[in-house]
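Each ligand, and each atom within it, is numbered from 1 in the order the structure gives. Just so we're clear, the structure is a prediction, and the values are computed from it rather than from any experiment. Atom set for the values below is all heavy atoms of this structure, side chains included, hydrogens, waters and symmetry mates excluded.
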Amino acid sequence: MTAFGAFTRAAVAVFAFVAMVAAIFAGSNYTTRFYLADIAERGQSTLRLSVAGLDGVLSRFDYLPGLVAEDPSTRRALTEAGQTGIVQKANSDLRTIADEAGVAELFLLDRDGIVVAASNSGEPDSLVARSLGYKPFFARALEGAIGRYFALDPRSGSRGYYIAAPVQSADGIVGVVAARVDLDPIESAWTSPVDEILVLDRNGIVFMASQSDWLFRSLKPLTETARTAIAGTRQFAGREIDTLNAETFVRGGIPLIAVEDGKKVTEFLIQDMAIPDTDMTVSVLSRTDSARNQAFIFTIIASLLTLIAVMFLVFLWQRRARLLERLMLQREAHDVLERRVAARTASLNEANARLISEIAERRATEAELRKTQEDLIQAGKLAALGQMSTALSHEFNQPLAAIRSYADNADILLERERYQEARDNVGRISSLTDRMAEISKHLRTFARKPDEKTEAVSTGAVVRDTLDLLNSKISASGVDISVSVPEPDICVQAGHVRLQQVLVNLVSNAIDAMRDIPDPVVSIGVDRAGNAGEVTISVRDRGPGIADDAAAQVFDPFFTTKEVGEGLGLGLSISYNIVKDFGGSLRACNHADGGAVFTVTLQEAVPTGQSHDDAEILNATRVAAE
Ligand code: ADP
């Protein structure tokens, strides 16, 4: 997870939170206004009904004072008050009319404002003889107009609506007729649970109210002038008018009033309407808390729904982001894999190319080697052939030249009839041809099959047979033979006759090497070699040893240091090949105490019995030994 991702998510969360708070605030205001408009509409209808009701009640009695004023008996009660029975009749008439019309009080005032007759004359709280000239309705009526006035009646404590009309005579206005309508019953009908209904006078004093606590209290502080006027008219029966703890204000175009009642502040939406033909105003105060509650609940629900929607969107966005991130990681991993594969493939291709070039190089080297080998073999063959040709031509040319010479001599001797000498020459020719036949026989041994079978051959028997074969030569040379053969006998893997041929060659050479040596001794030893399973047969003489320059060539065919006619140079070469055919080796070295040592190394074998095969090789061996 990247730091950037976490930062983005935190920023989005903060943004969402701020947006939600703002949305709640704005939504709350908006929905409050919506619900307030609803409340205002309801309040307006309450207001219209209240005003219509009040107006209906008040205007119902508008006609009454004027009508009473026009009655001649009313006028007479003013103008002829001194006459007996006139005032009594007026009192009686007023009572009758008041009862029939349904007004609380009906009374007649003279021009000085003194009540001369009243519907309740004779009763304890009757207004008769009281002066009401200070009442505004009186002054108005004296001006010839309809006087209207609202005031608290100090006697009954009830709110009254006063209507006054002038009593006209030929001399002008002689008095005033006034009616008082009791307003208390109207107020008791205001029982709205949500709206408060107020009737305010021109000074903003609550004259009627659905809530009695607010009665005779002003919404705004009264001016001193207003206070003096109120005191003068005793409108509120001398009650002290205190100010309601209220504050009017406008919010969002909606007029509001906050009223503190004790510790609690209640907010209302306020709507006013004047009562026609009066200086009174009806106000309807509608509680706003229900609107606020509704708006709050609506906003909370809307906000929660919005929050859920936002969370869902954020969830989708995060899921998408995670998916994209995973895809990106997968793509990266894929790219890395591809790069690795490409790198590996490249190194493999490189290694492959290297291998191919190495193989090609090796093949070329091998081919070159083979060619070199073939060339060498060819050269070796040619060299061997050349050597052989030289030796053979030497070996054959000498006897042939001798034969030619002997033949020519024999011819001459026969011509001269020297037959005995001629016979000698022929005899020499014969012996020379024998020698050539011997060479030929030796050469034939090279043509033997190399894969003739080997068997377990007794070393003791081979040494014994070899010495038997060379008996005459040993005797003639006077060589002492020392044999050291272990008991019990050791067998080696070889061919009896061929191994005997090898030993005959070696012993014969040893005897030849000690021709000029006094007390010549040939030592023959059979022993188990250092390497397990190997047996050595050594032939040691006390001669001059092998010359340094001859050491490398002693096993070459036709290499000989002997006089012509004494050696063919084939013995060691044949022996070497025979031992090699047995799987063994033939080595030559000089002994530390002088003389040459030829060692045949062969594999030891389990004895099985002797076979006497290869008569031809045996014969050849004998010939070589002689
Ligand atoms: P040849 O005996 O006909 O010469 P060989 O192959 O048997 O042929 O021997 C080759 C040569 O090896 C000899 O001419 C001689 O020079 C050398 N040689 C062989 N045996 C001995 C030996 N015991 N001491 C010294 N030289 C030897």
Side-chain angles (χ1 to χ4, degrees), residues 383-384 387-388 390-396 398-399 434-446 448 463 466-467 469-470 473-474 476-483 498-525 536-581 585-600 617 620-626:
Q387 210 172 4
M388 196 172 162
T390 311
L392 280 177
S393 64
H394 176 76
E395 286 300 320
F396 284 109
Q398 274 197 333
D434 282 347
R435 178 170 168 74
M436 290 173 77
E438 279 169 31
I439 292 169
S440 174
K441 270 182 198 168
H442 276 298
L443 289 173
R444 260 189 295 158
T445 60
F446 279 104
R448 80 203 180 286
V463 171
T466 302
L467 295 176
L469 212 58
L470 290 171
K473 185 166 183 167
I474 292 165
S477 62
V479 170
D480 196 8
I481 304 291
S482 152
V483 177
R498 284 175 288 166
L499 182 57
Q500 185 184 306
Q501 183 185 353
V502 171
L503 293 184
V504 164
N505 273 330
L506 297 179
V507 175
S508 183
N509 280 344
I511 293 168
D512 290 344
M514 296 186 293
R515 195 168 288 167
D516 305 324
I517 300 292
D519 305 323
V521 179
V522 173
S523 303
I524 302 169
T536 54
I537 305 167
S538 57
V539 178
R540 183 199 164 191
D541 59 60
R542 269 57 174 181
I546 302 160
D548 288 344
D549 55 344
Q553 299 174 47
V554 288
F555 296 110
D556 288 348
F558 299 108
F559 173 77
T560 182
T561 55
K562 293 176 185 171
E563 294 296 320
V564 176
E566 287 187 359
L568 291 172
L570 290 173
L572 284 181
S573 171
I574 290 168
S575 299
Y576 184 88
N577 283 310
I578 289 170
V579 175
K580 210 173 142 202
D581 286 346
S585 63
L586 173 59
R587 290 192 312 278
C589 63
N590 288 324
H591 197 275
D593 298 332
V597 183
F598 284 81
T599 308
V600 178
I617 293 173
T621 307
R622 282 193 178 125
V623 168
E626 285 162 15

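The shortest separation from a heavy atom of N505 to ligand 1 is not under 4.0 Å, leaving the residue out of contact. For the pair G545 and ligand 1, a heavy-atom separation below 4.0 Å is found. The closest approach between G569 and ligand 1 falls below 4.0 Å for a heavy atom of the residue. The closest approach between a heavy atom of A510 and any atom of ligand 1 is below 4.0 Å.
For D434, the CG atom counts as densely surrounded, since its 6.0 Å shell holds more than 12 non-hydrogen atoms of other residues, nucleotides or ligands.
Closer than 4.0 Å to atom 25 (C) of ligand 1 lies at least one heavy atom of the protein. Within a 4.0 Å radius of atom 18 (N) of ligand 1, the protein contributes no non-hydrogen atoms.
Among pairs with a residue in residues 507-519, those fulfilling salt bridge (charged side-chain N to carboxylate O under 4.0 Å, His left out) read K473-D512, D512-R515, D512-K562, R515-E566, at least two apart in sequence or across chains. Residue pairs that meet the ring-ring contact (aromatic ring centres under 6.0 Å, His included) test with at least one member in residues 538-557, sequence neighbours left out, are F555-Y576.
In this structure the side chain of L499 reaches within 4.5 angstrom of the side chain of I537, judged on heavy atoms. Residues Q553 and T561 have side chains not in contact (no heavy-atom distance under 4.5 Å, counting atoms from C-beta outward). Looking only at side-chain heavy atoms (C-beta outward), I524 and L503 stay at 4.5 Å or farther from each other. You'll find the side chain of F598 reaches within 4.5 Å of the side chain of L572, heavy atoms only.
Comparing T561, D556, V554, T560 against atom 4 (O) of ligand 1, the shortest heavy-atom distance belongs to T560. Of the candidates E563, K562, M514, R542, the one placing a heavy atom closest to atom 1 (P) of ligand 1 is K562.
Each of V504, I481, V483, V539 was checked for a side-chain contact (heavy atoms from CB on, under 4.5 Å) with T466, and the lone residue meeting it is V504.
For the residue pair I517 and G543, the shortest heavy atom distance occurs at CG1-CA, 4.3 Å.
With a 4.0 Å cut-off on non-hydrogen atoms, L572 touches ligand 1 through its backbone as well as its side chain.
Of all atoms in ligand 1, numbered sequentially from 1 with element shown, those under 4.0 Å from a heavy atom of G571 are 5 (P), 6 (O), 7 (O).
Atom 20 (N) of ligand 1 has as its closest protein heavy atom N509 CB, 3.1 Å. At the top of the distance list for atom 11 (C) of ligand 1, counting protein heavy atoms only, stands F559 O, 3.7 Å. Protein heavy atom in closest approach to atom 23 (N) of ligand 1: D541 OD2, 2.7 Å.
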